[in-house]
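Notes follow the structure.
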There are 2 protein chains.
Amino acid sequence: MSAHPRLSLNQATIKHASLQEALDVTAAGGYQAIGLWREPVAEVGLAEASARLADSGLRFTSLCRGGFFTMPEGAERRASIDDNRRAIEETATLAGAGAPGSTAVLVLVTGGLPEGSDDLIGARARVADALAELVPDAAAAGVQLSIEPLHPMYASDRAVVSTLKQALDLAAPFAPETVGVEVDTFHVWWDPEVLDQVARAGLEGRIASYQVCDWKTPLPADVLLARHYPGDGVIDFAAFTRAVEATGYDRDIEVELFNADIWATPYADVVARTAAAFDRAVAPHLATAPAEVPSR
Amino acid sequence: MSAHPRLSLNQATIKHASLQEALDVTAAGGYQAIGLWREPVAEVGLAEASARLADSGLRFTSLCRGGFFTMPEGAERRASIDDNRRAIEETATLAGAGAPGSTAVLVLVTGGLPEGSDDLIGARARVADALAELVPDAAAAGVQLSIEPLHPMYASDRAVVSTLKQALDLAAPFAPETVGVEVDTFHVWWDPEVLDQVARAGLEGRIASYQVCDWKTPLPADVLLARHYPGDGVIDFAAFTRAVEATGYDRDIEVELFNADIWATPYADVVARTAAAFDRAVAPHLATAPAEVPSR
């Protein structure tokens, strides 16, 4: 089996796999890289997870996820900040255990409106506050926090950051090696300003990770599970991929699919299908041809 | 029964009512204004609908809807443009039949991506082309076309215009009395720039209509039916309403609810419930108190 050398499987795509299963099936699928989630890492413990990752020979591309810090000051907020500090340490450890070319990226999903609140502006201000609090830890650990704008349909209950522009504005006060942004096609494809903001993100050196996954309708009953293989929906991956590549982005590219049908498919099939979709929809638009990146 | 003097019931809120039922229940509910849909008007014919509207004593606030003109040139596009021309005439006729203070506003839902297309930028350009083609007709008829940005979750299949800024940019080449924008809280509440764009819309004289309806999650299986009574969700109607009022907007304010539960409720109950929700969530933030607008 083979996969594009810049393709990384985000573990959520095979959500029900254990860490070991995910590492095995990803490596067996010919991938060189994987993005991990905290829960499967915690199941075996960080040290053991790091050892297994090192054994896999895979690059580590990101840890999902920190964030969820929109609540007002109090015990719940302190617990969230502490948890984010642990996530920063986990990211640094895993990036150190991955193959050369790993990136110490912690994806931040900011959180929605606190229960009973309609104060969107206040919630966004508390995201800025949380970043300011976490940046020294991230910088010390050599970790890049990556603010992920989520589709506006998740603005009330999952992420009050809805556009790439907004994410970049939140990141602006901090060094780009410490605070970057996710560019996830599913979340931002609809935005009339997105290609301009991709260019801006590149100029500012803030594209922490490019994630590809497709949008199509009708949406499923649970809109969290609406993500599709690249090429199965309406997103123009040629335009997006060229825009990201034009910034000089040369990191791995993750595919992260939340989709009940995909989760019910055997892992190896999903891994192969993802690689094929990437080859067809994304790879032709990469500035660097596969043959030119043999030994990251 | 009474209702705030600036409250207008959009007929979609009682979707299954005939035109006559809608006029009767709205007037009986103490409302002074109504927004109509083309289909119930067509059922009785434009002349008869106009006569009944005149008899009701209600102001006419908008006709829903024109638009759906993102397809490439060809017979289908010509049919759409022709249909929009008819909608312009209907709007002018109905506004003339409504009580003094009626507004000749035709709401435009632009349409989504054509089948099989991923060319969002091209679809948006064809919206601009359609506006240019329809503006002379609208100007001659004294009708204001109102571009409605829809929530980005509808970008692929219903409206490629997703933000107020984008709607204003599309409107910019044309006179504001001929091309304005809808400000529908449900569609734009999540936008980090929306209050600035409301102010801009005011400065440019382009707020054709302010519509209030609420957002809450989880979304229903059919996301088209996710709209709630003002105050039942997470939208900050104080901030929105003050921002709109600060522009000098003094037209009626529509409530338009697509919601299966509301559609299954007796019309008179919906009308009363809408008026109560408006009084509680919106009216306190209006610049003009009810007592000051007795005789529009």
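Sequence lines set the chain letters: A, B, ... in the order given, protein chains first and strands last, and positions in each chain run from 1.
Nearest heavy atom pair, residue A/M153 against residue B/H151, reads N-CE1, 3.3 Å. The heavy-atom pair separating A/W190 from B/L120 by the smallest distance is CA-CD2, 4.0 Å.
Interface residue B/P152: backbone and side-chain heavy atoms are both found under 4.5 Å from chain A. With a 4.5 angstrom heavy-atom cutoff, B/S156 touches chain A via backbone and side-chain atoms both. The part of B/K165 that comes within reach of chain A is its side chain, from C-beta onward, which places non-hydrogen atoms under 4.5 angstrom from that chain. Contacts of B/L113 with chain A are made by side-chain atoms alone, with heavy-atom separations under 4.5 Å and no backbone atom involved. Heavy atoms of B/D191 lying under 4.5 Å from chain A belong exclusively to its backbone.
Within the 4.5 Å cutoff, the side chain of B/W215 has no heavy atoms near those of the A/D118 side chain. At least one side-chain heavy atom of B/I121 sits under 4.5 Å from a side-chain heavy atom of A/L195.
In the displayed structure, B/E76 atom CD is contacted under 6.0 Å by at most 12 heavy atoms of other residues, nucleotides or ligands. Summarising the local packing, CD of A/E115 is surrounded by 12 or fewer heavy atoms from other residues, nucleotides or ligands at distances under 6.0 Å.
To the nearest 0.5 Å, the span separating OG1 on B/T217 from CZ on A/R158 amounts to 9.5 Å.
The choice from A/P192, A/G233, A/A221 that makes the most heavy-atom pairs within less than 4.5 Å of chain B is A/P192.
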Less than 3.5 Å apart, which donor and acceptor atoms pair up between the side chains of residues 273-284 of chain A and the rest of the protein, not counting sequence neighbours?
from, atom 1, to, atom 2, distance (Å)
A/R273, NH2, A/D232, OD2, 2.9
A/T274, OG1, A/V270, O, 2.7

